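Since the structure comes first, as structure tokens, the remarks are kept for the end.
Everything numeric here is computed off the predicted structure, so don't read it as measured data. Sequence positions, counted from 1, serve as the residue numbers for this chain.
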Amino acid sequence: MSLTPRSLARFKGTGSRAMSSGSSQRVFQLKVDPLTGNSEWVVIDEQDQEEQMPEYPQKPLLATTSYLDMLNDSPRNTAFRQAIDKTVSKPCHVLDIGKIKVINKRSDELKVGVDIPSPADILVSEILDSELLGEGLIPTLQHAHDTLLVENPQTVPYRATTFGQLVESSFLWKLHDLRNNEAEACDGIHLIPSGLDGILHAKPQQYAMHCDAIKEEIKLLSEPFKIFEFDFWKRPDSHRETELHIKATNDGRVNAIVSWWILQLDCEGNFFYSTAPAWISSTKDSGASHWCDHWKQCVWFVPGQGTSISQDEEVHLHAVHTETSISYNLKTQAPRIEVMQDSFDTGDLQLILSPERIAIYGDREWRDSMLKSMRNALQERVNSLCIVADDSLFLTLLVAHLSRTSHVISLFPGLRDKGAQYLQAVADANGFSMDRVEVLEKRKTRLTMHDTHQKKVDLLIGEPFYYGNDGMLPWQNLRFWKERTVLDPVLSEDVLIMPCKGILKACAMSLPDLWSSRRCLSKIEGFNHSVVNTTLGACGELPAPEEGPCLPFYIWQCGDIKELSEIFTIMEFDFSKPIRACYGKAQVDFIEPGICHGFALWIDWVMDSENSIVLSTGPDKRYWKQGVKLLEQPIAVGVHESRNMGEYLSTVIEASFDSSNGELIIGHNFL
């Protein structure tokens, strides 16, 4: 027998949720308009899906979930199958949380004697995330042991153990310590003024990350250490604490704790799966050293500039787990001199930004580009009216700081009231008064001259950045263009718009690990899964006219990667004019032989009319996600000087932008 998962966490943030009713299935899909930010839940019945005309193919509902990558994880599949074969060796009742015969209830709603005939002898489950606990493992096991299982049941997995390692990394430091990083900037802006340390920060939690991608930038400061063990065969505790004593193996500064877990699938210890980074080697861990996107390592940031340690020093690490997370507090034996700072009461105001956004705001090169752009824009402008169309805290502070005569209206469509409270708190430290800065109290579809105090807007700016949309495709930030169009009635004839245009860029890529994780499913451990290929957005031999979607990824974290062509321009978006449909086409030769798996696409934002200041969001800029369009099948490519039979020398890629819904359609042809 099988039950639905207690936690539907794999659906969280994906936009889709499934529910069965009678003989039909109903899918609730969250539709987000990328050009307005508006969202709504729509109900799609199975019958409605079947009645769709062929010329209007159904979009993959679960393309942004980790299901496809998980099902393509061969070490995972094999380890579970081998452990199940060994454990289920005679007739018995098996409780499988997540698979075969579905009872339309959460597992904590099931009753023995009503939904299932008797307590189960064996529990099979896989409700794990990169942190291990985030999908509700503990409460699910607690309920199963309390009401659904026999005493001392067999389980697959048998045990999970979390491990950690102290590391030094300037890259990881920049992802969370905005205050110390912005101290190196020369623009006079203080996003985190002295005494307001907690007003703007990354959430204190473990962040999933492919740490192998930065292994050359990491200095290991300890040997791996065991943190917690979780036995699936007995009822787990909701809360535990442990004190670890760790010997430093190098001098350095602990900026982060890298963690992972190892599953022991069977009670004898024959089958294992590991999420350890590649620098950890163990012959028994079948999952080690292979790339997958659904389980990564985790990173916990040590506050501030980190903790300095010396070789052989003993470090004390206090670890705590709740029902859904693990946290750490690092201490050392060496005495520390604490610098006491004045603190101001900011009430409950805390703005949480993603680590990548924290790093962007602390990046000196990015800030210098913004500073130069704004200085140029404000030249010879007196008493200007400036609208910040997005959620850019930085640009709002920058304009107010640079121009004592400008009036600034920030729309803050995502931050709203919290953005206004933040500006009030940091105004003095940034040299402006709030009588020159305002945030509109209510979200309006259109602004009128009443909203702008009977004055035309002569400066419209954005990064662009929209709060809460960090996982979106790059061109969905063309919402700025839509905002500019809606604001057209209140713009002056000589309005300066920054950025003035966006450029859609692309590069042909070799992405074997990513492509393999997204490929079409066939038989997995003897079971045919091909029926879900379209729903999961697989790449490969899909029935016409279906094709895999374009999805957002950090290219630098996608395992084995290689650029096969020069970076080329497909089309431009001119923000001096209202939003419109666009089409672009480009041909590019390959500069490296290899196997092409798809294209990376992104937008470069041109900040001035002279094209002298361009902010790229390409693969070499690690704080931004790129769009990835994977091919149906990998293609062998070569160069003119050493072409082999069957290799293509160039590719033509074309794209069309639909201004009504913000969608970008990508096509390609190899020559």
Side-chain angles (χ1 to χ4, degrees), residues 37 178-179 182 185 187-193 196 199-201 346 349-354 357-358 360-363 366-378 381 383-444 447 451-453 455 457-469 477 479-480 483-484 487 490-491 495-499 605 607 613 615:
L178 174 55
R179 181 178 178 188
E182 76 168 349
D187 48 35
I189 301 302
H190 305 285
L191 287 163
I192 305 179
L196 296 177
I199 197 170
L200 188 67
H201 58 91
T346 59
L349 176 60
Q350 288 190 24
L351 289 183
I352 305 297
L353 298 180
S354 71
R357 178 54 45 180
I358 291 289
I360 290 168
Y361 279 167
D363 185 77
W366 183 88
R367 290 172 68 131
D368 286 348
S369 296
M370 285 297 186
L371 176 62
K372 183 178 179 181
S373 301
M374 284 311 311
R375 278 180 171 164
N376 293 342
L378 290 168
R381 290 181 181 269
N383 298 321
S384 63
L385 175 58
C386 172
I387 285 186
V388 180
D390 62 354
D391 285 303
S392 179
L393 298 169
F394 182 81
L395 285 181
T396 301
L397 297 183
L398 188 60
V399 176
H401 176 78
L402 291 177
S403 176
R404 302 301 175 115
T405 60
S406 295
H407 188 83
V408 184
I409 299 176
S410 292
L411 300 186
F412 286 172
L415 291 171
R416 307 304 303 153
D417 293 342
K418 278 197 171 184
Q421 295 171 36
Y422 169 84
L423 294 178
Q424 183 75 48
V426 304
D428 288 344
N430 286 279
F432 67 88
S433 59
M434 286 300 292
D435 60 351
R436 294 192 295 108
V437 179
E438 64 177 301
V439 177
L440 294 186
E441 294 182 1
K442 296 182 180 180
R443 173 70 171 158
K444 296 186 176 182
L447 295 190
D451 299 306
T452 61
H453 312 291
K455 187 175 181 180
V457 176
D458 50 8
L459 187 58
L460 176 65
I461 62 175
E463 299 181 21
F465 158 65
Y466 292 94
Y467 185 72
N469 288 357
N477 279 323
R479 176 177 174 179
F480 175 78
E483 301 277 8
R484 173 258 178 269
L487 290 169
V490 298
L491 302 181
V495 62
L496 191 153
I497 299 174
M498 187 188 87
W605 304 98
M607 307 307 288
I613 305 174
L615 296 177

For the residue pair Leu415 and Asp391, what are the closest heavy atoms and their distance?
N-OD1, 3.0 Å
Using every non-hydrogen atom in the two residues, find where Pro464 and Phe480 come nearest and quote the distance to one decimal.
CB-CB, 3.9 Å
Under a 4.5 Å cut-off applied to non-hydrogen side-chain atoms, are Leu385 and Thr452 in contact?
yes
Just to verify, what does Ser369 make a side chain to side chain donor-acceptor pair (under 3.5 Å) with, not counting sequence neighbours?
none
Stepwise, does the side chain to side chain contact (heavy atoms under 4.5 Å, CB included) test hold for Glu463 with Leu615?
CA-CA 9 Å; Glu463 299 181 21; Leu615 296 177; over 6 Å; no
Verify, without hydrogens or angle tests, whether Arg381 (side chain) and Asp458 (backbone) share a donor-acceptor contact under 3.5 angstrom.
yes
Which value, rounded to the nearest 0.5 Å, describes the distance between Leu496 atom CG and Ser384 atom OG?
10.0 Å
Note, Leu440 side chain near Leu411 side chain (heavy atom, < 4.5 Å)
yes
Nearest 0.5 Å, what's the CD1-CG distance between Ile199 and Leu191?
10.0 Å
Can you tell if the side chain of Met370 reaches within under 4.5 Å of the side chain of Met607, non-hydrogen atoms only?
yes
With a 4.5 Å limit on heavy-atom distance, are the side chains of Leu447 and Val457 in contact?
no
Show the nearest heavy-atom pair for residues Ala389 and Pro413, with the distance to one decimal.
O-CD, 3.9 Å
Do Leu393 and Val426 make a side-chain contact, defined as non-hydrogen atoms from C-beta onward lying under 4.5 Å apart?
no
What distance do Ile497 atom CD1 and Leu459 atom CG have between them, rounded to the nearest 0.5 Å?
9.5 Å
Side chain to side chain donor-acceptor pair (under 3.5 Å) filter on Ser373, not counting sequence neighbours, yields none
Measure from NZ or CZ of Arg357 to the centre of the six-membered ring of Tyr361 and say whether it is under 6.0 Å with the direction within 45° of the ring axis.
yes
Looking only at atom types and distance, does a side-chain atom of Tyr422 sit under 3.5 Å from a main-chain N or O of Leu349, one as donor and one as acceptor?
no
Going by the rule ring-ring contact (aromatic ring centres under 6.0 Å, His included), which residues pair with Phe412 if we only count those two or more places apart in sequence or in a different chain?
none
Side-chain donor/acceptor of Arg436 to backbone N/O of Ala400, under 3.5 Å:
yes
Qualifying ring-ring contact (aromatic ring centres under 6.0 Å, His included) pairs, either residue in residues 389-411, two or more places apart
Trp366-Phe394, His407-His453
Step through the shown structure and confirm whether more than 12 heavy atoms of other residues, nucleotides or ligands are within 6.0 Å of CG on Asp368.
yes
Exercise: do His190 and Glu182 side chains pair donor with acceptor under 3.5 Å
no
Here the side-chain hydrogen bond (donor to acceptor under 3.5 Å, both in side chains) pairs for residues 424-434, sequence neighbours left out, are Ser433-Asp435
Whether Asp187 side chain and Leu398 backbone form a donor-acceptor pair below 3.5 Å:
no
Report the residues that fulfil salt bridge (Lys or Arg N to Asp or Glu O under 4.0 Å) with Asp363, sequence neighbours left out, ordered by chain and then residue number.
none
What's the separation between atom CD1 in Ile358 and atom CG in Leu178, rounded to the nearest 0.5 Å?
5.0 Å
Leu378 side chain near Ser406 side chain, heavy-atom distance below 4.5 Å
yes
Distance check, rounded to the nearest 0.5 Å: Leu353 atom CG versus Tyr467 atom OH?
6.0 Å
Flag side-chain contact, heavy atom, 4.5 Å: Val408 against Phe432:
no
Apply the test side chain to side chain contact (heavy atoms under 4.5 Å, CB included) to residues Asp451 and Val490: give CA-CA distance (whole Å), side-chain angles for both, the deciding distance (0.1 Å), then the verdict.
CA-CA 9 Å; Asp451 299 306; Val490 298; over 6 Å; no
For the atom pair CG (Leu402) and CE (Met374), what is the distance rounded to the nearest 0.5 Å?
7.0 Å
Which atoms form the tightest heavy-atom contact between Gly462 and Leu395, and what is the distance?
C-CD1, 3.5 Å
Could you check whether any side-chain N or O of Arg367 sits under 3.5 Å from a backbone N or O of Ile189, counting only pairs where one atom can act as donor and the other as acceptor?
yes
Step by step, would you call Ile387 with Glu483 a side chain to side chain contact (heavy atoms under 4.5 Å, CB included)?
CA-CA 11 Å; Ile387 285 186; Glu483 301 277 8; over 6 Å; no
Please examine the side chains of Leu423 and Thr396, heavy atoms only from C-beta on, and report whether any two atoms are closer than 4.5 Å.
yes
